[in-house]
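Counting starts at 1 for both ligands and their atoms, in listed order.
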Amino acid sequence: MLKINLVLILVLFTQIYSAELKSVVLCFDDAYYSVYKYGFPLLKEYKIPITLGVITNYLNRSQKPRKSADPYQFMNIGEIKEMRQQLNIEIASHSVSHRNLVHLAENEIKFELEYSKHVLDSIFGEPTITFIYPYGRFNNQVINLVKKANYQLARAVLYGEPNLWVGRYTLAVKEVRKETTINEIIDFINHNKTTILLFHRLAPNPKVFTEWSVDNFHALLKYLRTNNFIRITTLKELYYDWCQTKLLAMARNSPHNDYLNLFQKVDIDQTRTRNPSIIK
Ligand SMILES: [Zn+2]
């Protein structure tokens with residue numbers, strides 16, 4: 001009898017545990033061509049959004065189709081635009097020159113933050129709200145300048161679960177390296193409500209630590225798509241969801257009944273239309 005009860009409790013616990021909705025963000029740093037060559041066909045097949053960290057000095061400005069298919073090159077504007085036409089691709093700034101910001105003077109840090117945002121905003125026609133620290137390096141001065149440059153989020157390479165309430169400018173990740181297994185990733189997703197997976201390059205036969213196997217990537221996308229407790233999203237969408245939650249909480253606690261009505265009518269930050277399905 002005790003045994004049966006224990007089994008029942010275990011089954012119930014597993015059901016509750018797996019019913020919790022998890023958010024997973026796939027983040028690609030540096031915008032390598034290999035993401036277009038090997039990742040894009042699979043992302044299209046599974047309709048999976050990503051956040052792409054672009055270094056504006058490295059952004060290949062050639063719009064022409066490339067002659068050689070070296071995956072170590074960077075994507076060109078035409079390729080990124082093509083991905084954006086077919087998928088939800090958030091463009092994040094990964095600075096102008098990928099220098100370690102901690103070692104720069106204030107005016108240089110400002111340039112890295114502001115000029116890259118200006119370039120990306122004008123090429124892609126929408127506000128860039130996420131900054132990705134080169135080498136994951138930051139300090140308090142850098143964080144303050146990121147805020148001043150009008151970014152809403154910043155992502156580091158610290159290991160762990162990202163938390164927008166306490167660390168909107170130091171978002172943590174699970175980095176995917178050559179030796180990372182799918183089980184390791186699934187385990188991380190199962191133990192955290194939100195997961196940001198950090199990738200660099202994809203390769204059929206990974207050679208360096210920043211490459212991950214295309215076959216593994218395919219298997220991961222299949223896993224993400226076939227588990228309906230997983231919501232695959234972008235950092236930008238995470239930010240908007242967080243704004244909604246925060247504003248809704250404020251509205252519910254407000255003594256003024258109009259507050260909620262007003263909230264339902266307005267666009268949160270005038271950058272895109274509020275998703276009405278979230279407001280009940
Ligand atoms: Zn980088």
Side-chain angles (χ1 to χ4, degrees), residues 25-40 43 49-61 70-77 79-80 83-84 89-104 108-121 123-124 128-139 141-143 145-146 149 151-160 162 167-180 185 195-203 206-213 217 234-236 238:
V25 177
L26 308 186
C27 225
F28 283 86
D29 279 12
D30 311 329
Y32 284 105
Y33 175 64
S34 78
V35 179
Y36 176 83
K37 183 174 165 65
Y38 301 115
F40 182 37
L43 294 166
I50 63 166
T51 293
L52 188 67
V54 176
I55 309 155
T56 56
N57 269 0
Y58 295 4
L59 183 64
N60 184 340
R61 285 173 189 275
D70 176 5
Y72 291 88
Q73 294 171 355
F74 295 92
M75 271 192 252
N76 69 37
I77 295 171
E79 286 153 355
I80 298 178
M83 285 180 78
R84 275 168 59 82
I89 309 278
E90 176 196 3
I91 303 296
S93 166
H94 195 26
S95 80
V96 174
S97 67
H98 207 272
R99 286 182 293 171
N100 182 344
L101 301 187
V102 169
H103 295 147
L104 301 183
E108 292 177 301
I109 304 171
K110 276 186 176 167
F111 176 75
E112 293 285 333
L113 299 169
E114 291 167 10
Y115 187 65
S116 60
K117 180 168 164 47
H118 166 75
V119 168
L120 296 174
D121 287 4
I123 293 176
F124 299 106
T128 309
I129 68 159
T130 305
F131 186 75
I132 297 174
Y133 301 111
Y135 312 102
R137 298 296 306 279
F138 61 89
N139 57 22
Q141 184 199 20
V142 171
I143 292 176
L145 293 172
V146 166
Y151 290 100
Q152 307 302 328
L153 297 176
R155 209 219 68 216
V157 290
L158 303 162
Y159 174 85
R168 204 149 51 93
Y169 291 93
T170 54
L171 295 174
V173 300
K174 159 78 184 149
E175 190 174 355
V176 181
R177 292 185 165 202
K178 188 180 155 215
E179 67 281 3
T180 306
I185 296 174
T195 298
I196 300 173
L197 296 173
L198 161 59
F199 301 87
H200 286 87
R201 283 193 292 257
L202 297 170
K207 290 184 183 77
V208 294
F209 76 95
T210 49
E211 289 178 335
W212 207 49
S213 124
F217 188 65
T234 61
L235 294 181
K236 197 172 200 171
L238 277 188

Presence of N, O or S from His94 under 2.8 Å of the Zn ion (ligand 1):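 Under 2.8 Å: His94 contacts the Zn ion (ligand 1) through an N, O or S atom.
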Asp30 near the Zn ion (ligand 1) via N/O/S, less than 2.8 Å: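 Yes, within the cut-off.
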side-chain contact (heavy atoms from CB on, under 4.5 Å) partner of Ile109, the single match among Glu114, Arg99, Gln141: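 Running side-chain contact (heavy atoms from CB on, under 4.5 Å) over Glu114, Arg99, Gln141 with Ile109 returns exactly one hit, Gln141.
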Trace of the ring pair (Phe, Tyr, Trp, His ring centres under 6.0 Å) decision for Phe74 with Tyr32: CA-CA 4 Å; Phe74 295 92; Tyr32 284 105; 4.9 Å; yes
For the Zn ion (ligand 1), the closest N/O/S atom belonging to His98: NE2
Aromatic ring pairing Trp212/Phe199, orientation class (parallel under 30°, perpendicular over 60°, tilted between): tilted
Worked check of salt bridge (charged side-chain N to carboxylate O under 4.0 Å, His left out) between Asp30 and Arg201: CA-CA 9 Å; Asp30 311 329; Arg201 283 193 292 257; over 6 Å; no
